[in-house]
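We use all heavy atoms of the structure for the numbers below, so side chains are in, but hydrogens, waters and symmetry mates are not.
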Amino acid sequence: MPASNTMQTYGSVTKTFHWLTALLILALVPLGLIANALPYQTDAELALKAQVFSVHKTLGVLVFAVALARIVWAVTQPKPGDLNHDHKVQSALASVVHWTLYISLVAVPLSGWVHHAATAGFAPIWLPISQNLPFVPKDEAVAEAAAAVHWLFSKIMIASILLHIAGALKHHFIDKDATLRRMWFGPADAPLVPAHRGSLAAPVGAIAVFALATGGAAAAGLFRDHESMPTEALAAVSSEWTVTEGEIGITVAQLGSDVQGRFADWTAAISFDPDVTGAAGEVTTTIAIQSLTLGSVTSQAMGADFFDAATFPTATFTGAIIEDAGSYTADGVLSIKDSAVPVIFPFDLTIDGDTAQMAGTLTLDRRDFGIGASMADESSLGFSVDVTLQVSATR
């Protein structure tokens with residue numbers, strides 16, 4: 001069997017690419033569906049879900065590589081003519097399906113890879129490559145958009161595969177021609193037909209399929225920002241010092257990888273006299289739990305075994321600001337869910353006139369607040385949670 005195509009049949013390289021892609025897709029699609037459906041409330045469930053997702057992602061990258069190699073090979077080879085070339089409408093539709101399939105075999109794994117690269121933590125790709133991609137930031141909006149594209153394009157891919165299979169079966173059982181046989185290894189007894197003539201109509205038609213599907217999905221709201229649950233912004237508070245800029249961030253270790261997140265909505269009521277030593281003021285901070293973004297596990301973090309945001313929508317810290325020989329701490333109580341834990345939060349403070357800059361880091365134990373009680377093994381979810389706070393305020 002020759003390696004290259006001829007005008008009558010496909011060569012061994014093309015056939016190998018075709019059936020290797022088919023095997024990868026037959027494994028990839030079910031794994032993706034299973035991984036999404038698996039629960040992740042316990043250590044064992046989370047570990048299994050991560051492993052299945054890792055296999056799915058790894059196969060996806062392999063499909064992407066094989067698809068690119070297959071396309072490069074295809075453009076260098078002659079393409080056997082259509083055995084139903086006299087049925088022009090059927091032949092044209094088959095070409096559009098083929099191009100739609102080719103595009104989806106690149107676009108689907110690539111969009112999934114972008115989602116992985118833009119998301120912090122969870123289910124690594126099991127290949128000796130970087131988990132990141134050039135020009136793809138760790139950004140929740142990018143990750144969400146890529147996930148939406150991946151979902152949409154995967155449905156187009158599945159539809160084009162089903163149409164491709166239906167067409168092959170029609171050729172074999174109804175038309176009784178050699179279309180399917182000449183893609184299999186061995187003699188196909190295919191007749192010599194007019195050479196395939198390339199045209200822009202088929203790729204343009206395939207691009208139109210993706211454009212129409214994307215436009216329809218956008219109109220239906222697929223690409224809008226989705227929150228895990230509706231939430232109202234916290235009301236403004238009265239304060240001697242007004243926060244002009246600030247960020248509350250957290251870092252957790254999941255499956256051995258750090259996952260960073262931040263709370264987008266929080267308020268701070270601060271009374272503080274920089275000229276007083278000892279008890280120099282007080283602070284009350286309220287955090288909207290539902291405003292947390294935490295990489296790929298944001299929705300999980302909102303669940304009942306974790307922050308239980310539906311029952312406990314806010315966390316609060318109330319404490320005294322203590323100055324001691326130029327060092328500052330906030331000594332108080334942090335309340336998360338139904339647990340109130342005394343904490344001492346050391347921070348650095350710089351004051352220039354009526355502007356204050358503060359920054360500090362605090363390490364908490366999630367078990368003190370009943371967060372992730374089912375995750376008793378640190379290999380799944382670390383016990384320590386690093387909290388960082390940076391604030392600029394004016395008086």
Side-chain angles (χ1 to χ4, degrees), residues 32 35-36 40 49-50 53-54 56-65 67-68 103-104 106-154 210 214 217-218 221-229 231 233 243-266 287-302 306-307 359 361 381-382 385-392:
N36 276 301
Y40 48 90
K49 190 179 186 77
F53 260 121
S54 284
H56 174 76
K57 292 177 181 182
T58 303
L59 290 178
V61 173
L62 293 177
V63 167
F64 178 74
L68 286 182
I103 294 172
S104 65
V106 174
V108 172
L110 180 59
S111 59
W113 200 353
V114 170
H115 173 257
H116 172 83
T119 305
F122 191 69
I125 296 170
W126 290 339
L127 290 172
I129 58 175
S130 173
Q131 300 295 319
N132 302 315
L133 282 174
F135 311 112
V136 178
K138 296 291 185 185
D139 183 88
E140 189 73 16
V142 173
E144 189 168 316
V149 170
H150 185 67
W151 181 89
L152 175 64
F153 285 7
S154 67
F210 283 92
T214 303
L222 180 64
F223 300 104
R224 295 175 192 157
D225 289 338
H226 294 88
E227 295 181 350
S228 57
M229 57 187 69
T231 180
V243 174
T244 56
E245 291 182 58
E247 180 173 284
I248 299 178
I250 65 172
T251 302
V252 300
Q254 185 173 50
L255 298 172
S257 298
D258 285 346
V259 182
Q260 296 180 332
R262 60 183 291 270
F263 293 94
D265 188 16
W266 53 277
I287 303 170
I289 295 298
Q290 297 166 13
S291 71
L292 172 67
T293 54
L294 191 60
S296 60
V297 294
T298 299
S299 59
Q300 180 187 6
M302 298 297 111
F306 297 91
F307 280 108
T361 300
L381 183 63
V385 179
D386 293 331
V387 180
T388 58
L389 177 62
Q390 294 182 327
V391 172
S392 296

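- Counting all heavy atoms, side chain and backbone alike, Pro109 lies closest to Gly60 at CB-O, 3.1 Å.
- Ile287 CD1 to Leu292 CG: the interatomic distance, rounded to the nearest 0.5 Å, is 10.0 Å.
- Counting heavy atoms from C-beta outward, Leu152 and Phe210 have side chains that stay 4.5 Å or more apart.
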Return a table of donor-acceptor pairs under 3.5 angstrom between the side chains of residues 245-256 and protein atoms on other chains or two or more places apart.
{"from": "Glu247", "atom 1": "OE1", "to": "Arg262", "atom 2": "NE", "distance (Å)": "3.3"}

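- Taken to the nearest 0.5 Å, the CD atom of Gln260 stands 11.0 Å off from the OG1 atom of Thr293.
- Put simply, the side chain of Val108 does not reach to within 4.5 Å of the side chain of Phe64, judged on heavy atoms.
- Nearest heavy-atom pair across Ile125 and Ile129 is CG2-CD1, 4.3 Å.
- Counting heavy atoms from C-beta outward, Val297 and Phe306 have side chains that stay 4.5 Å or more apart.
- Interatomic distance, CD of Gln290 versus OG1 of Thr298, reported as 12.5 Å (0.5 Å rounding).
- To the nearest 0.5 Å, the span separating CG on Leu133 from NE2 on His115 amounts to 12.5 Å.
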When you look at Ile103 and Phe153, which way does the side-chain contact (heavy atoms from CB on, under 4.5 Å) test go after all the steps?
-> CA-CA 9 Å; Ile103 294 172; Phe153 285 7; over 6 Å; no
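- Atom CG of Leu59 is separated from atom OG of Ser54 by 11.0 Å, given to the nearest 0.5 angstrom.
- In terms of heavy atoms, Pro137 sits closest to Val142 at CG-CG2, 4.1 Å.
- Counting all heavy atoms, side chain and backbone alike, Ala50 lies closest to Ala123 at O-CB, 3.6 Å.
- Trp113 has its side chain out of reach of Val136: every pair of non-hydrogen atoms, C-beta onward, lies at least 4.5 Å apart.
- For residues 115-124, no residue pair satisfies the salt bridge (charged side-chain N to carboxylate O under 4.0 Å, His left out) rule, not counting sequence neighbours.
- Scanning both residues, Lys138 and His116, for their nearest heavy atoms gives NZ-O, 4.2 Å.
- The heavy-atom pair separating Ala146 from Ser111 by the smallest distance is CB-O, 3.6 Å.
- Under the 3.5 Å distance criterion, the side-chain polar atoms of Thr244 are matched with a main-chain donor or acceptor of Ser392.
- Within a 6.0 Å sphere centred on CD of Gln131, heavy atoms belonging to other residues, nucleotides or ligands number more than 12.
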